[in-house]
Every structure is written in structure tokens, then in C-alpha cells.
Amino acid sequence: MSAAKNNDTIDITVDFSGGLEMLFDNKRRYSVSLPAVDGSGKPVTMAFLIDHLCTHLMKDPRVDLFVLDKHIRPGILVLINDADWELEGEEAYELQPRDNILFVSTLHGG
Amino acid sequence: MSAAKNNDTIDITVDFSGGLEMLFDNKRRYSVSLPAVDGSGKPVTMAFLIDHLCTHLMKDPRVDLFVLDKHIRPGILVLINDADWELEGEEAYELQPRDNILFVSTLHGG
Amino acid sequence: PNGSDRRLTDEEFERYSRQMIVPGMGKHGQLRLINSSVLIIGAGGLGCPAAQYIAGAGIGTIGIVDGDVVEPSNLHRQVAHATSRIGMAKVDSLITHLRSLNPLPTYIAHPFHLTAQNGADILSRYDLILDCTDNPATRYLISDLCVLLQKPLVSAASVQTSGQLIVLNCPPSPQGVVDRPCAPCYRCCFRKPPPPSANLSCGEAGIMGPVVGMMGVAQAGEAIKILASALHLPQDARGASGASGASDAERHLTHPHLLIYSYDLASAIGPYTFRALRMGGRKRSCFACGEGSTLTLEGIRSGNPDYVQFCGGLAPPPHAGL
Amino acid sequence: PNGSDRRLTDEEFERYSRQMIVPGMGKHGQLRLINSSVLIIGAGGLGCPAAQYIAGAGIGTIGIVDGDVVEPSNLHRQVAHATSRIGMAKVDSLITHLRSLNPLPTYIAHPFHLTAQNGADILSRYDLILDCTDNPATRYLISDLCVLLQKPLVSAASVQTSGQLIVLNCPPSPQGVVDRPCAPCYRCCFRKPPPPSANLSCGEAGIMGPVVGMMGVAQAGEAIKILASALHLPQDARGASGASGASDAERHLTHPHLLIYSYDLASAIGPYTFRALRMGGRKRSCFACGEGSTLTLEGIRSGNPDYVQFCGGLAPPPHAGL
Ligand SMILES: [Zn+2]
Ligand SMILES: [Zn+2]
């Protein structure tokens with residue numbers, strides 16, 4: 001579907017909410033530039049983004065509050081353009097320019 | 001700025017809020033298709049849209065609750081893509097495809 | 001249940017006049033509220049403001065569940081309690097306030113925590129449930145009971161500077177039905193709880209009063225909307241009272257939005273202060289409501305599933321109400 | 001003003017502990033609240049919930065202005081009043097409730113309507129103003145006084161199923177300064193009032209309780225944010241307490257967002273339930289705060305401008321508080 005060349009980039013915004021922003025330097029919004037294709041020439045996916053966030057943006061050593069066993073930990077909702085990523089293919093979703101990705105931890109207090 | 005041809009159209013959404021929806025058949029959102037240029041070949045503006053709404057969409061006979069002396073009546077805010085239209089040129093603003101225009105009456109109750 | 005065609009009393013007309021003249025409410029909507037019953041689980045930071053507006057609107061029967069007593073550290077956000085009622089059961093303190101606001105509804109006190117043993121009996125007596133609790137185990141229990149008892153559920157949560165709200169199971173569908181669009185349950189949206197280390201309570205992590213207050217008032221707003229417009233009933237039971245313009249899916253909440261509120265002590269209101277996130281409908285694979293689910297009321301009563309273990313092995317805190 | 005370095009008492013620590021542990025608040029934020037004063041104009045549908053959370057949070061001095069008495073038709077939404085206090089001055093009824101919630105603040109009753117004659121004297125005694133009134137004439141008067149007295153203003157309004165909120169004049173700048181970005185006043189955003197025929201009051205047009213309740217709680221949230229983080233003070237007076245990530249413009253509200261809430265009795269929460277609309281900053285041509293403005297406190301006191309005439313010649317309703 002994507003006709004990206006090897007040195008194209010994709011610019012997206014990534015938001016953190018519900019307390020997750022504390023793991024990312026207390027910033028609620030990041031502009032993120034990703035290569036359009038991964039090392040094997042395939043369009044970059046949500047899985048690629050999550051790995052990128054852990055490697056490059058996360059300041060907090062408690063990675064397991066974001067990722068467990070290489071997947072987003074239970075209790076975090078992932079939204080692609082404000083829709084539950086389960087409606088969009090989850091980790092296999094291929095990122096599009098100007099996508100907004102939101103990670104929000106579910107709350108239980110009251 | 002616009003290179004529109006005579007039979008092009010521009011598709012926008014128009015929202016009503018704060019009670020104004022009552023003048024428009026109690027619908028809060030309309031999809032509106034406008035000619036890209038007006039009768040004299042100029043790109044269509046907010047002034048054109050307002051005239052179009054009064055002529056084609058308004059069901060309520062009380063036009064003066066929306067337009068007074070050919071201008072939007074005092075007490076109605078106009079937002080172009082969620083920004084006050086005073087920041088965008090007001091009636092002279094040239095509509096762009098996919099614009100969202102919101103009319104909201106200011107409230108004073110409490 | 002009975003009396004849906006009765007006249008309003010003069011006292012009711014006077015008290016509810018300002019909401020009855022709102023387009024879409026009317027005498028019809030007011031009578032629906034008067035003939036409805038709502039259960040508010042949790043008399044804390046969410047339950048206090050929710051109960052104020054639910055009682056004010058004249059919902060006829062209002063039950064409150066909570067096993068805690070009022071403490072001084074509650075009072076910055078639990079605005080229906082009072083300093084003079086510190087030490088009193090929260091349920092009794094809240095009902096004291098509600099009765100002084102509006103003596104017309106019937107108030108029912110359930111002065112203990114909701115459990116797998118007592119839950120079904122309590123929830124079955126009400127038309128609509130508000131989850132105003134503060135721990136994952138109780139939240140999954142309430143949702144499972146709402147699936148089995150076919151009750152609409154207005155669920156909210158709040159910690160520190162964040163709030164969330166979603167309407168679930170509305171309108172309710174029989175467990176296991178997946179051949180048509182059905183509203184999701186809590187498990188459809190939030191399949192697994194966070195590990196206990198990632199779960200913050202208001203007691204440990206803190207909470208700003210207006211943040212949880214906003215969510216509680218919003219819960220009342222959704223509950224009143226659902227009951228006054230009968231959004232939880234099938235189309236034919238609602239009659240032709242719905243306003244034009246809203247699609248049946250919008251009315252029926254089969255694909256609800258999760259509202260999130262992000263309050264920032266250091267910044268002004270902006271475009272991301274409130275966001276409405278589009279969630280899916282009922283999931284075929286849902287443990288509670290999906291195809292072939294084996295969840296039963298009898299199972300829940302006898303400890304299956306084990307909610308405490310599911311949520312990481314910690315029992316709900318002794319002071320579970322926020 | 002004094003005592004900003006004093007210790008918190010044990011009672012204060014206990015009562016405010018759950019908000020003090022929220023990141024960004026702390027003892028420093030709590031002391032700022034305790035040393036602040038807020039004036040709530042209107043003890044109705046907005047003022048009741050706003051006052052509950054402002055009192056709960058421990059703002060040190062809380063003034064209430066309202067000339068009305070409690071009526072039965074108020075009680076579905078004015079949830080800090082009580083059936084037993086029908087006929088009592090709203091100011092006294094509200095303070096009764098607030099004092100039972102939190103006896104620590106100083107409460108000041110102004111049991112009369114705000115007027116061009118008494119306004120400056122009252123507003124000048126407070127750090128921040130909440131406009132919880134119900135008519136255009138009073139709203140323009142309050143804004144003009146806030147410009148001249150350099151007070152931040154949290155303004156909200158609500159009718160039927162709609163609500164609005166905006167933070168104005170925050171931080172305040174001297175009247176007439178237009179050579180740098182300054183926050184707008186009410187007139188900068190709403191230059192002219194609607195014709196009287198288009199202006200709806202809650203008494204005539206109705207109001208859903210949770211809608212006005214949401215706006216009142218949100219007003220408290222913005223007031224607490226501004227005072228705890230000192231967003232109304234110049235950067236150097238605030239110190240280094242602001243969290244990173246927010247630009248100075250976001251913190252300083254020089255281009256505020258107008259929050260609008262659209263509650264729909266017939267539909268679920270959706271992406272347009274809440275919208276934040278970007279407004280401009282101070283307008284060079286503003287009658288009140290702009291370049292060369294001739295508005296003065298003395299003028300206001302002596303009837304210039306004429307707010308009633310400006311708003312279409314109708315005096316504020318005799319029962320002006322909602
Ligand atoms: Zn389910
Ligand atoms: Zn101005």
C-alpha cells in the first residue's frame with residue numbers, strides 16, 4: 001500500500017495521557033519523525049513505533065510500566081487517530097503521515 | 001490563491017451549537033457542498049456561505065436570530081477550524097476544502 | 001414501574017420546572033426519571049457529585065453502596081459529606097445531604113462494600129448502575145454483574161489530574177449475542193487490568209477535587225440522559241420521543257466513546273483537555289459478554305472468576321471508597 | 001498575603017493531603033491556595049458547585065455575591081442549597097453548606113446584587129473573580145471592573161443543554177497596553193451582547209443540572225490551577241515551579257480557548273461534546289482594555305457606560321441569580 005522510498009520519513013504526533021506522560025519527561029505531546037520503511041524495507045508499523053519510543057523517547061528507567069514481554073502492558077489503551085487500535089490492526093497497523101497516536105493508561109480511582 | 005474552475009465544488013462541514021441548532025432543524029452538523037467560485041468568478045467566502053445557509057438550510061422563519069443587516073447578529077461566535085474567525089479574516093475568508101465552520105451563540109445564563 | 005401516566009404533583013412541577021422546559025425533556029422525560037431507579041456504587045469523589053445531580057433531577061429511587069466512613073482527607077473532593085459527619089458511614093452521610101437537597105426520592109442505604117456474594121442481589125433491584133468505585137477488582141465485578149443482569153453501566157474513574165468516563169452495556173443485550181451490533185462491556189474495552197505496580201489509587205497518588213468532580217457530574221449527566229430519553233430500552237419501547245438528527249447507533253451507544261479529561265496544573269485549557277476516543281462494540285471473544293461465555297451469577301457468587309487474583313492478588317484496600 | 005512561608009497545621013495536612021501529593025501541587029501550591037482570596041459572583045447553578053470545590057481545596061478567603069433567596073425551582077441544580085433553606089438568602093445558604101464542608105476558610109457574605117456602584121469596592125478585595133451570573137449586563141460590568149482592577153476572571157455560562165467557559169484577563173495587564181501579547185477581556189471576545197430577543201435565561205429557557213454543574217466545577221478547576229501555580233502572576237513571581245512542557249503562552253493564557261460543552265439528551269458522548277475554540281488576545285480596539293480606552297472606575301460608578309442600555313434596555317431580572 002505504501003510506495004515509500006528508503007530515505008523517506010513519516011511525521012506523526014504521539015501523545016501520552018492518564019499519567020503515562022510521567023514516563024516521558026512529563027511531556028504530553030511529541031512530534032516524531034520515523035523512517036518510512038524499516039530495515040527490511042517494509043512500511044513502519046505500530047510495533048516499530050513502540051520500539052522507537054522505548055529506545056529514543058523514554059526517560060524513565062521503568063520500561064515495564066510501558067512495555068511487558070515486548071507488548072504494550074495491560075492497562076494501557078492505544079488510540080490511532082482517536083480510535084481504539086483494535087479497530088485498526090493493533091501492532092500491524094502501518095503508520096501514515098500526520099497520524100496521531102495516543103497512549104493512555106486506564107484509571108481505576110474514584 | 002485558489003485555482004478553482006467554474007464547476008468545481010468545495011465540500012465543508014458546518015456545525016451549530018449553543019442553541020443555534022434550533023434554527024436549523026435541530027441538526028448540529030451539516031455537510032455542505034458549495035461552488036468553488038461565485039457568480040463573478042471569485043473564490044467563495046464566508047459571506048457567500050452565510051447567504052447560502054440562510055437561503056438553503058435555515059428552516060426557522062426567524063432569520064434575524066442568525067443574520068441582522070446582512071451580517072451575523074451580535075452574540076454569535078463564528079469559528080473557522082476551531083479558531084475565532086476574527087483571526088482568519090471574517091467574512092472575506094476564502095473557504096478551503098474540508099473546512100469546518102462552527103456557529104455558536106454566546107450564553108449568559110448560569 | 002407503575003404510575004408512568006400519573007400526574008405530576010404541584011410540588012414536583014415547581015421543583016423540576018427548569019429542567020422540564022428544556023427541549024427534549026418535558027413531562028414525559030420527568031416522569032421517566034421519577035419512575036427510574038439508580039444504584040451509585042461508591043460514595044466518594046465520584047459518587048458525591050453524581051448523587052447530588054441525580055437526586056436533584058428527581059430520579060425516584062436512589063441506592064448508595066459504600067462500606068467506608070467519612071475521613072478528614074475525603075472532604076476536599078467529597079463535597080456532599082461534612083466535617084461534623086467525620087466517622088459516620090459514608091452512605092448515611094451522603095443520604096443525609098441528598099435528603100436535605102431533595103426529600104422526594106426514595107433513598108436506600110447499602111452500608112457495606114459490594115462483593116461477589118452480595119452484588120447480584122443489590123444490582124438486580126435497579127435500572128441503571130453508576131460505577132464510582134476505586135479499584136480494578138470491583139470494577140470488573142460490577143461490569144460482569146451488569147452483563148448478566150442486563151443493566152446499563154455508567155463508569156468513571158479519576159486519579160491525580162486525569163479523568164475517564166464511558167457508558168457501557170447500553171442498551172443491554174443478552175450475554176453471548178454477537179450476530180448484531182451490541183454495546184461493549186467493561187471487559188470488551190479493558191480486557192486485562194494493569195499490574196498492581198502500575199495501578200494508582202487516589203489515596204496513594206492523590207487527586208484534584210475538580211477533576212474527579214467533573215467526572216462525577218458527567219456520570220449524572222449521562223445517567224439522566226439515558227433514563228429520560230430511554231436510550232437503554234429498545235426503539236419500540238422508547239416511542240417517538242427522540243430528537244431527529246442522531247442516528248440510532250449514536251443514541252444506542254453500541255460503539256461508545258471513552259471521554260478523557262486531562263487537567264494540567266501548569267497550563268490553560270486547550271484542544272486536548274477533553275478527548276472522545278472511539279471504542280469498539282461487543283467483542284466476540286469477550287470473557288463476560290462474548291460468544292459462548294461461561295460466566296454465570298452462580299459462578300460469581302461461588303468465587304469464579306476470582307476477581308482479586310485476576311487483578312494481581314491484592315485484595316481491595318480496606319478503605320476502598322474514594 | 002502574609003504567612004506564605006508558615007507551616008501547615010496538622011489539621012490542614014490531614015485535610016488537604018490527597019491534593020498536596022498530586023505532582024505540581026505540593027506544600028507550596030497548598031500554601032498559595034490558603035493565602036489566596038476568590039470572589040464568586042452568583043450563588044446559583046454555577047456558583048454552588050464552583051464554591052464547593054473552591055472551599056474544599058482550602059482557598060483561604062471566599063466571598064460570595066448574590067441578592068436572591070433560595071427557591072424550590074433552584075434545587076435540581078443548585079446543589080449546595082437545601083429544601084429547609086428555601087426563602088433564605090442564597091449567600092447565607094451557600095456559606096452554611098461550605099462551612100459544614102470546610103470550616104477553615106474565611107467566608108464573606110455579600111447578600112445583594114453586584115452593581116456599577118458597589119462593584120469596584122467588592123472586587124478590589126479579592127485575587128481572582130468567578131463570573132457565575134446569569135445576565136449580559138452584569139457580565140460586561142464584571143469584566144470591565146476586572147480590567148480596571150487587574151483581576152483574572154474565570155467566566156462560565158450555561159443554558160438548556162449548552163455550557164461555555166473561558167479564562168480572561170489572566171495574567172492581567174494594565175488597561176491600554178497593546179505593544180505586547182496580553183490576555184483578552186470579555187469584550188475582546190464578545191464585543192456586543194445579543195439582542196434581548198435572542199438572549200435566553202435559565203429561568204425562561206430551562207437548564208439541565210449536570211450541564212451547568214460541569215461548568216461550575218470546571219470554573220473551580222481553573223481557579224485552583226491559576227492560584228496554585230500562580231499563572232496570574234508575572235513569570236518572576238511564580239518562581240521555577242511550573243512543569244516543563246507547557247509554553248509560556250499556554251501557561252499565561254494570552255490566547256485562551258473557549259471551552260464549549262454540548263449535552264444532547266438524545267445522543268451519546270461524541271467527538272463534538274467538548275470543543276476548545278481558539279480565541280484572540282487583547283484587541284487594540286477594545287472598548288475596555290484596548291489602546292486609548294476611556295473606561296474608568298469613576299465613570300462606571302457614575303453610570304458610564306450604561307450597561308442596561310448596552311444590553312438592550314432591559315434591567316437584569318429581579319431574580320438574577322441562577
Ligand atoms: Zn464484553
Ligand atoms: Zn478587552
### Task
For the residue pair C/Asn199 and A/His108, confirm or rule out a side-chain donor-acceptor distance under 3.5 Å.
yes

### Query
Side chains of C/Tyr272 and A/Arg29: is there a donor and an acceptor less than 3.5 Å apart?
yes

Please look at [X] and chain A and tell me whether the side chain, the backbone, both or neither of the residue comes under 4.5 angstrom of a heavy atom of that chain.
| X | answer |
| --- | --- |
| C/Pro136 | both |
| C/Val212 | side chain |
| C/Ala205 | neither |
| C/Tyr263 | backbone |

### Query
Is it the backbone or the side chain of A/Asp64 that comes under 4.5 Å from a heavy atom of chain C, or both, or neither?
neither

### Query
Side chain, backbone, both or neither: which part of A/Leu102 has a heavy atom under 4.5 Å from chain C?
side chain

### Summary
Interface check, chain A: of C/Arg275, C/Gln160, C/His257, C/Lys192, most non-hydrogen pairs under 4.5 Å belong to C/Arg275

For [X] against [Y], the heavy-atom pair lying closest together:
| X | Y | answer |
| --- | --- | --- |
| A/Gly110 | C/Cys202 | N-SG, 3.7 Å |
| A/Ser17 | C/Ile260 | OG-CD1, 3.8 Å |
| A/Gly18 | C/Ser162 | CA-OG, 3.4 Å |

### Sidechain-backbone polar pair: C/Gln164 side chain, A/Ser105 backbone, donor-acceptor under 3.5 Å
yes

Between [atom1] on residue [X] and [atom2] on residue [Y], distance to nearest 0.5 Å:
| X | Y | atom1 | atom2 | result |
| --- | --- | --- | --- | --- |
| A/Leu107 | C/Ser155 | CG | OG | 10.5 Å |
| C/Thr161 | A/Glu21 | OG1 | CD | 6.0 Å |
| C/Leu277 | A/Asp82 | CG | CG | 5.5 Å |

### Query
Does the side chain to side chain contact (heavy atoms under 4.5 Å, CB included) test come out yes or no for A/Glu86 and C/Met279, once each step is laid out?
CA-CA 9 Å; A/Glu86 298 193 354; C/Met279 307 300 288; over 6 Å; no

### Message
For the CZ atom on A/Arg73, are there more than 12 heavy atoms of other groups (residues, nucleotides or ligands in this structure) within a distance under 6.0 Å?
### Response
yes

### Query
Which one, A/Leu68, A/Leu65, A/Thr106, leads in non-hydrogen pairs under 4.5 Å with chain C?
A/Thr106

#### Entry: Residue among A/Val104, A/Leu77, A/Asn81 with most heavy-atom pairs under 4.5 Å to chain C
A/Leu77

### Query
Do C/Arg191 and A/Pro74 have side chains that get closer than 4.5 Å, going by heavy atoms?
no

